[in-house]
Amino acid sequence: MYVEGWNAHRVVRPSRLANAVIERLLLRILDGEFQPGGDLPPEAALAQEFAVSRTILREALKALEEKRVLRIRHGRGTTVRPKNEWNILDPMVLTVLLEYGGSSTLATELDEVRTALQGLMADLAAQRITPEQRRDLDLCLNRMRAALPVEPGIGDPLAYREAAHLFARVLSEAAGNEVARCVVETIDVPLRDEDPEHMQGVIPRTQEFAERLYARVVGLPAPDEQVVDLADPPGGAGSAPVSLPSQPPVLTTPLRRRPMVSVSR
């Protein structure tokens with residue numbers, strides 16, 4: 001979209017009501033009500049069904065076109081595009097796909113990409129990290145260690161998640177690669193806070209991966225070859241060491257969501 005008078009791009013964020021329409025249309029497409037290659041109902045019918053103005057509806061349809069979910073052909077209707085053409089890295093599209101089962105393998109694929117990118121960022125940070133960033137990274141890792149549950153039901157998951165988020169942010173800043181940072185922040189998957197058993201499994205695995213990333217940044221031996229006490233600062237001595245096997249990362253930072261309001265169906 002263009003700003004009048006200049007060939008300069010700007011991003012137009014849909015209104016809250018348009019976002020609600022976007023979400024509802026995405027869900028109905030995933031439910032199979034609107035099939036790929038098929039046309040949506042006319043604008044007037046959709047606007048009446050959602051109880052919104054034609055302006056709000058067109059705003060939602062335009063946003064879905066920009067996300068490559070729809071194809072708008074002026075004078076010929078609006079068509080649903082195949083899912084493999086969607087921009088699944090769009091935060092709203094990604095949220096709906098993850099929360100409503102758009103793909104059984106999507107979370108795993110996101111995990112694989114995030115693993116690779118964070119490994120790359122650790123290698124870049126090893127070359128570029130400043131003394132201040134190194135201190136911040138140490139501080140974040142120590143906060144993660146301090147919030148680790150020592151036994152089921154004991155620990156501070158929220159404090160841990162915050163520290164893990166800050167650790168990832170400092171790592172990305174130290175790497176100095178904005179593209180990698182943006183992709184990783186976009187594909188972060190929310191934790192299921194309501195599932196204590198899941199949380200108990202998530203935190204140790206996340207910690208193991210963070211320790212491996214830290215070792216790559218600061219030039220320590222690979223975690224497979226060393227023993228680290230998670231209760232001590234990096235390089236500190238400890239009395240209860242644990243080995244750090246190779247583990248995939250577990251995502252800890254929730255997606256940033258736009259506020260939604262309900263609309264009638």
Side-chain angles (χ1 to χ4, degrees), residues 91-92 94-101 104-119 121-122 125 133 135-174 181-217 223 227-234 236 238-260:
M92 185 178 293
L94 186 58
T95 298
V96 172
L97 287 173
L98 287 170
E99 290 188 353
Y100 299 98
S104 60
T105 63
L106 181 57
T108 299
E109 293 169 359
L110 294 171
D111 218 21
E112 291 171 347
V113 171
R114 192 176 191 271
T115 301
L117 284 177
Q118 286 204 312
M121 289 194 292
Q133 289 169 337
R135 287 194 295 270
D136 290 342
L137 200 65
D138 289 351
L139 178 62
C140 293
L141 189 61
N142 287 334
R143 287 180 177 175
M144 292 170 67
R145 290 168 173 170
L148 281 171
V150 295
E151 60 183 76
I154 299 178
D156 192 341
L158 292 179
Y160 184 88
R161 184 166 62 183
E162 181 181 358
H165 172 68
L166 292 174
F167 177 89
R169 174 57 64 91
V170 174
L171 177 66
S172 67
E173 290 174 352
R181 179 190 65 78
C182 288
V183 174
V184 168
E185 290 187 356
T186 298
I187 66 178
D188 275 346
V189 179
L191 281 174
R192 293 177 292 170
D193 295 323
E194 72 282 0
D195 187 343
E197 292 184 3
H198 178 73
M199 292 286 289
Q200 289 296 326
V202 161
I203 291 177
R205 292 171 56 204
T206 302
Q207 187 67 29
E208 289 171 358
F209 187 67
E211 298 283 353
R212 295 178 64 81
L213 291 173
Y214 180 85
R216 290 172 73 165
V217 173
V227 171
V228 175
D229 180 1
L230 298 185
D232 281 348
S239 58
V242 296
S243 61
L244 296 175
S246 176
Q247 290 277 1
V250 180
L251 312 187
T252 57
T253 307
L255 288 163
R256 293 162 302 285
R257 305 182 189 199
R258 300 185 182 97
M260 293 289 179

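Any value given below was found using the heavy atoms of this structure, including those in side chains, with hydrogens, waters and symmetry copies removed.
Between Val184 and Arg114, the shortest heavy-atom contact is CG1-NE, 3.8 Å. Heavy-atom minimum distance, Ala163 versus Met144: CB-CG, 3.6 Å.
The CG atom of Leu110 sits 9.5 Å away from atom CD of Glu112, with the distance rounded to the nearest 0.5 Å. The CG atom of Leu171 sits 12.5 Å away from atom CG of Leu166, with the distance rounded to the nearest 0.5 Å. Separation of atoms OG1 (Thr105) and CG (Asp111) is listed at 12.0 Å; rounding is to 0.5 Å. To the nearest 0.5 Å, atoms CZ (Arg181) and OG1 (Thr186) are separated by 8.5 Å.
Looking at heavy atoms from C-beta onward, Asp138 lies in side-chain contact with Tyr214 at the 4.5 angstrom threshold. Using a 4.5 Å heavy-atom cutoff, the side chains of Met121 and Val217 are not in contact. With contacts defined as side-chain heavy-atom distances shorter than 4.5 Å, the pair Glu211/Arg145 qualifies. Inter-residue side-chain proximity for Leu94 and Leu106 is flagged as met; some heavy-atom pair is nearer than 4.5 Å. Val170 has its side chain out of reach of Leu139: every pair of non-hydrogen atoms, C-beta onward, lies at least 4.5 Å apart. Counting heavy atoms from C-beta outward, Leu158 and Glu162 have side chains that stay 4.5 Å or more apart. Taking 4.5 Å as the limit, some side-chain heavy atom of Gln207 sits within range of a side-chain heavy atom of Tyr160.
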Verdict with reasoning, Arg169 to Glu185, per salt bridge (charged side-chain N to carboxylate O under 4.0 Å, His left out): CA-CA 9 Å; Arg169 174 57 64 91; Glu185 290 187 356; 2.6 Å; yes

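Summarising the local packing, CD of Gln133 is surrounded by more than 12 heavy atoms from other residues, nucleotides or ligands at distances under 6.0 Å. Under a cut-off of 6.0 angstrom, the local environment of CZ in Arg143 is sparse, with at most 12 non-hydrogen atoms contributed by other residues, nucleotides or ligands.
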